[in-house]
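This report refers to the structure that appears directly beneath it.
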2 protein chains.
Amino acid sequence: MSPAEHPPFLGAWTDPPEESRSPREPLSRNRIVAAAVAHLDAHGAEGLSMRTLAEELHTAATSLYRHVHNKGELLDLTVDALMAEVALPPDDLDWRASMRMVSLNFRAVLLRHRGAAVLRGTRLAIGPNTLRLMEYVCSKLLEAGFSETDAAAAGATVINYTVGCVLGEVMPTAEIEASGYTWDQFAAEMNTRIAAIPLDRFPVMRRMLPMLLGHHHSQPFEYGLDALLEGLEVRRVAAASSESPPAG
Amino acid sequence: MSPAEHPPFLGAWTDPPEESRSPREPLSRNRIVAAAVAHLDAHGAEGLSMRTLAEELHTAATSLYRHVHNKGELLDLTVDALMAEVALPPDDLDWRASMRMVSLNFRAVLLRHRGAAVLRGTRLAIGPNTLRLMEYVCSKLLEAGFSETDAAAAGATVINYTVGCVLGEVMPTAEIEASGYTWDQFAAEMNTRIAAIPLDRFPVMRRMLPMLLGHHHSQPFEYGLDALLEGLEVRRVAAASSESPPAG
DNA sequence: ACGCGCAGCGTACAGCGTACGCTATGATAA
DNA sequence: TTATCATAGCGTACGCTGTACGCTGCGCGT
């Protein structure tokens, strides 16, 4: 039973490169999704193909289809998997602090996974982790006194605002990475592109575009978020007081 | 010179189907972009290929490249072209009414062109029409008394909120159209999918998901928009009063 | 009348998602 | 132990994509 006993016409016995001796843990949805997240993080939203993904998993492209109906489903699973990373605030915070924190955490996760963030903007992926997040947001709003209609609107508002902002923040940097520029080169390029456009039709933008594109830090995001929450609070107390006016 | 004089071995003389007698107006960026918008409106974000687009223009695919560097540029031009449709409010409105109106108009345009709306969420297209819109928003905010930093943040907030919401509204309907379901079938499908998920872990969502997905009307959007504007107003007056405190 | 520039196009290629059917492996029944 | 069978994995192939390249033929300047 020693290796030498194998008939030579089958070829010299060499250990098959390593994968069949430690028989490589089997494929699974989770392993595939994890690899997809990693690939998106490393190489951005473009250029994730079933073939390259399979290669990273030391597998054939078509093998993936045993675990995933099609690429679309894989992307949806990937988006939902990301949502699991969003930490939910502790229970004792009031609704406003909770929404603030969940929005910031959400944004942080999306910025940590810029490639997948674009997908979250584009695809409707309602999986368990997404539901967990929305469940938290809506129930917190309900228990704070928002009506069902208002809670739905307010929750959607917070989430949509967050996603919209992250897309706005991610797109420029995605563009930059794609073009191989540095931030400064890109800013210069932008300036020349602005200068090229009918010259003085946009005096304000000429000064402010860098500010609008260069969301490196979270200050503008928080500015809008806090404004939004403040407005929601006003509506909440207004609704609460008009709900039981005879008591007044 | 009558048609009958043409030598028969070239085939019987029939008018070349019509395109070479009225020699079809020449290709141009504008014509291509217009066709792209039309195609996106008619067939959704998926399935816009250079070949199909060329076919609609009675042209070969590669001819398009005489007027457009690549597909990406075409998509950017398309998005920017859409922005021209956003009507700007009359001059005499105050900043809040202006922002409200520009946001509603913006949303209306994106909903009118659902296919292209997804692109606006994904691509960074800074063309003249986009700049015109941002120029208006920012200058209105500046003249209302926002500082440059705050105007940039507030403007970005309004725009990003609008885009984020529209994406949230468009995605479900896009999903529906793609799957060929009706709205009711989709709702039912969603309910079964929710029911399939670990059953009672999401009691709130079970009731509220239809509300969250079924944004047929603009009420939730306006709810959040008005809240946002109210919060921005609070910040504006606070900044204005703290800017000249010695006068108090 | 001639020549040239350039819009338009035909062909070709690499890469994509994925349907289909074979193979080999590991669990189960006898 | 041997025989059976389900199924994970894979090789091949098809139709589609974006687009590089080089030809063609029309329209304008001379």
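Computation of the quantities below employed the complete heavy-atom set of this structure, encompassing side-chain atoms and omitting hydrogens, waters and symmetry-equivalent molecules. Chain identifiers are assigned alphabetically (A, B, ...) following the order of the sequence lines, protein sequences preceding nucleic acid strands; residue numbering begins at 1 within each chain.
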Look for any protein N or O under 3.5 Å of an N or O in nucleotides 11-17 of chain D and output each such pair with its distance, or none.
from, atom 1, to, atom 2, distance (Å)
dG11(D), O6, Thr62(A), OG1, 2.9
dT17(D), OP1, Ser49(B), OG, 3.1

- [ ] Starting at atom OH of Tyr65(A), determine the distance to atom P of dG21(C), rounded to an integer number of angstrom.
- [x] 18 Å
Task: Under the ring pair (Phe, Tyr, Trp, His ring centres under 6.0 Å) test, residues paired with His67(B) that sit two or more places apart - done: none
TODO: To the nearest Å, give me how far apart NE2 (His67(B)) and C1' (dA7(C)) are.
DONE: 6 Å
TODO: Answer yes or no for Arg132(B) and Phe202(A): cation-pi contact, defined as NZ/CZ to six-membered ring centre under 6.0 Å and angle to ring axis within 45°.
DONE: no
Task: Contact nearer the 5' end of DNA chain D, comparing Arg66(B) with Gly72(B) - done: Gly72(B)
Open item on the list: Just the rounded figure in Å: distance from P of dA8(D) to CG of Leu57(A).
Closed with: 16 Å
Open item on the list: Check for me whether the distance between the ring centres of Phe106(A) and Tyr161(A) falls short of 6.0 Å.
Closed with: no
Open item on the list: One thing to verify: whether Arg107(A) and Glu169(A) come together as a salt bridge, which I'm taking to mean a side-chain N less than 4.0 angstrom from a carboxylate O.
Closed with: yes
Task: Leu64(A) vs Leu74(A) side-chain heavy atoms within contact, under 4.5 Å - done: no
Open item on the list: Does a side-chain N or O of Ser63(A) approach OP1 or OP2 of dC10(D) to a distance below 4.0 Å, or not?
Closed with: yes
TODO: Kindly say if His58(B) contacts the phosphate of dG8(C), meaning a side-chain N or O under 4.0 Å from OP1 or OP2.
DONE: no
TODO: Starting at atom CD1 of Ile32(B), determine the distance to atom P of dT19(D), rounded to an integer number of angstrom.
DONE: 13 Å
Open item on the list: If we ignore hydrogens and angles and just use 3.5 Å, is the side chain of Asn160(A) paired with the main-chain N or O of Ala156(A) as donor and acceptor?
Closed with: yes
TODO: Let me know the distance between CD of Glu55(A) and P of dC10(D), rounded to the nearest Å.
DONE: 13 Å
Task: Gap between atoms CG and C1', on Leu53(B) and dG8(C) respectively (whole Å) - done: 15 Å
